[in-house]
Each structure stands twice: as C-alpha cells, then as structure tokens.
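Take a look at the structure set out below.
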Amino acid sequence: MSTDPIVPDTKDWTWVLTRPCPDCGFDPASTGHTEVADRIATDATEWVDRLTRAGVRDRPAPDVWSILEYGCHVRDVHRIFDQRVRLMLSEDEPRFPNWDQDATALTDDYPSQDPAVVARELFEAATTVADTYRSVPDDAWSRRGLRSNGSEFTVATIAVYHLHDIVHHAWDVGPAGAATTATGG
C-alpha cells in the first residue's frame, strides 16, 4: 500500500455546471436539483458496498487514491456541502470557509482509517445532506453563496455541483473497484 501524497487538484471544476463531464459522463442539463437528494442516498449505499471490497486500501498507482481514500473524501464532501447549504439557507450570500481537500486527506490520514467506520460515517453524512436538500423550501433554491475563490452558487447549482463530485468519484473507483484517476471534482 502506497501512501505517497497525491498531487493536489487545482482545477476549477465549476464548468461541470454548464457542460457534461468528459470523464464520468455526468450531464448537468439532465439532472434536476430536486433529484440530488435521492441520488446521494443511492450513491451512499453503493459506497458502503465499495468499502467492503478486497483491496480497499490498495492504490492502483502511487498517485491515485485507494477506494478507502476516495470514501473518506466523499464522506467529507457530504459534510462540507451540508455546511455550505445550511449557511446559504440561514445567511444572506455567505462566503464559504476554504476547504483544502488535500490537506484534509493528509491531516486526517485517510489511508489509516477503518473502512467499516468510514462506510458508516459516509452513509450518515450522505443521509444528513440528503435530508438538508429535501428540506429546502421551493423559494430558497435561488439563495446564493460564494466559495472562497469567488465562485458563486445558488442552492440549486451547489446541489448539482455536489452531485457531480460524488458521481465522478464513483467513476474514479470504477465498478470493479480499481481507481482510474487522481482526485478531482
């Protein structure tokens, strides 16, 4: 098992809100923001299964996360997006605190985490954020928030952006369990 650091992903992935992702195939035009909660819940169940696979800690290449590391990241993505959506619902145009996903992976030592615990925490975080999306009043989907780099989101666009992130990471690990790319999303 390699635990070499992953090269940080510095791409601005907000383009996934306007065109299909050429890697994972996610198409924002075919995804309604009100579908996001159910898709997150389904994906969480699939992650529980992924995290029980043989070789869950193995990296397919030194610069590609293992299924466990991706699972930790997806769990944390759900937590971050829940915080951001709650901010958008409770404050006027909040600026989101910066989140360095690569620093989190190192600080929290993703490779050493227990896959069973990660599976449970991921499922709980997904359930929480799905419930948050389900509770958004019809007139609140247009509320705005700003990422630390100035990217503007509405609750509706952040929901779709969030969904792309988890769809992309499911694609990253692939149906057979072999991760295919470095971090992204």
Side-chain angles (χ1 to χ4, degrees), residues 8-48 50 65 70-105 118-119 121-173 180-185:
D9 181 3
T10 58
K11 288 188 252 177
D12 180 354
W13 285 83
T14 55
W15 59 266
V16 302
L17 292 171
T18 58
R19 62 184 189 270
C21 180
D23 295 328
C24 71
F26 180 84
D27 184 358
S30 67
T31 305
H33 59 271
T34 58
E35 300 168 36
V36 170
D38 290 340
R39 292 196 54 193
I40 286 172
T42 298
D43 181 76
T45 300
E46 293 167 0
W47 271 103
V48 170
R50 288 179 191 116
W65 274 350
Y70 274 113
C72 291
H73 174 69
V74 169
R75 172 203 58 207
D76 292 346
V77 163
H78 289 317
R79 290 172 174 169
I80 293 296
F81 278 83
D82 186 60
Q83 292 168 1
R84 289 178 177 182
V85 171
R86 288 175 185 273
L87 274 174
M88 293 169 79
L89 295 173
S90 64
E91 296 179 16
D92 290 331
E93 298 186 10
R95 182 169 291 271
F96 310 134
N98 188 42
W99 179 50
D100 185 332
Q101 65 187 19
D102 300 299
T104 300
V118 172
E121 291 174 344
L122 186 155
F123 189 83
E124 290 169 357
T127 299
T128 298
V129 74
D131 288 346
T132 297
Y133 286 126
R134 286 184 184 109
S135 73
V136 174
D138 289 341
D139 64 347
W141 287 101
S142 61
R143 291 185 60 86
R144 297 174 353 134
L146 301 168
R147 202 164 58 182
S148 59
N149 69 356
S151 295
E152 181 182 313
F153 292 94
T154 64
V155 175
T157 61
I158 206 167
V160 173
Y161 184 78
H162 178 185
L163 183 60
H164 168 262
D165 202 311
I166 65 168
V167 166
H168 198 98
H169 294 317
W171 174 82
D172 282 330
V173 299
T180 56
T181 66
T183 60

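The structure displayed is predicted, hence computed values, not measured ones.
Under a 3.5 Å cut-off, the side chain of Arg143 and the backbone N or O of Leu87 do not form any donor-acceptor pair. Side chain of Ser90 to backbone of Arg86: a donor-acceptor contact under 3.5 angstrom is found.
Not a single salt bridge (charged side-chain N to carboxylate O under 4.0 Å, His left out) links Arg39 to another residue, sequence neighbours left out.
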As a quick check of understanding, evaluate ring pair (Phe, Tyr, Trp, His ring centres under 6.0 Å) for Trp99 and His73, giving each step before the final call. CA-CA 12 Å; Trp99 179 50; His73 174 69; 5.7 Å; yes

Could you go through the side-chain contact (heavy atoms from CB on, under 4.5 Å) check for Phe96 and Met88 one step at a time? CA-CA 9 Å; Phe96 310 134; Met88 293 169 79; 3.6 Å; yes

Please lay out, stage by stage, how Val85 and Asp82 fare under the test side-chain contact (heavy atoms from CB on, under 4.5 Å). CA-CA 5 Å; Val85 171; Asp82 186 60; 5.7 Å; no

Between Leu163 and His33, does a side-chain contact (heavy atoms from CB on, under 4.5 Å) hold up when you go through it step by step? CA-CA 9 Å; Leu163 183 60; His33 59 271; over 6 Å; no

Yes or no on side-chain contact (heavy atoms from CB on, under 4.5 Å) for Phe153 and Arg84, after CA distance, side-chain angles and deciding distance? CA-CA 10 Å; Phe153 292 94; Arg84 289 178 177 182; over 6 Å; no

Going through the checks in order, is the salt bridge (charged side-chain N to carboxylate O under 4.0 Å, His left out) test met by Arg79 and Asp76? CA-CA 5 Å; Arg79 290 172 174 169; Asp76 292 346; 3.5 Å; yes

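For the pair Thr154/Trp141, no side-chain contact is recorded, criterion being any heavy-atom separation below 4.5 Å from C-beta on. Between Val160 and Leu17, some side-chain heavy-atom pair lies under the 4.5 Å cut-off. The closest side-chain heavy-atom distance from His78 to Ile166 is below 4.5 Å. Side-chain contact between Trp65 and Val173 is absent, with no heavy-atom pair separated by less than 4.5 Å.
Closest heavy-atom contact between Val167 and Cys24: CG1-SG, 4.2 Å. What you find for Val74 and Trp47 is that their closest heavy atoms are CG2-CZ2, 3.8 Å. Across all their heavy atoms, Ala140 and Leu89 have their closest contact at CB-CD2, 3.7 Å. The shortest heavy-atom contact between Tyr133 and Ala37 is CB-CB, 4.1 Å. The shortest heavy-atom contact between Asn98 and Ser148 is OD1-OG, 3.1 Å.
For the atom pair NE2 of His162 and CD1 of Ile80, the computed distance is 10.5 Å after rounding to the nearest 0.5 Å. Between atom CG of residue Asn149 and atom CZ of residue Arg95 there is a gap of 8.5 Å, rounded to the nearest 0.5 Å.
In this structure, a donor-acceptor pair under 3.5 Å is present between the side chains of Arg147 and Tyr161. In the model, Asp172 has a side-chain atom that pairs as donor or acceptor with a side-chain atom of His169 under 3.5 Å.
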Under 3.5 Å, which donor-acceptor pairs link side chains of residues 122-130 to any protein atom two or more places apart or in another chain?
{"residue": "Thr127", "atom": "OG1", "partner": "Phe123", "partner atom": "O", "Å": "2.8"}
{"residue": "Thr128", "atom": "OG1", "partner": "Glu124", "partner atom": "O", "Å": "3.0"}

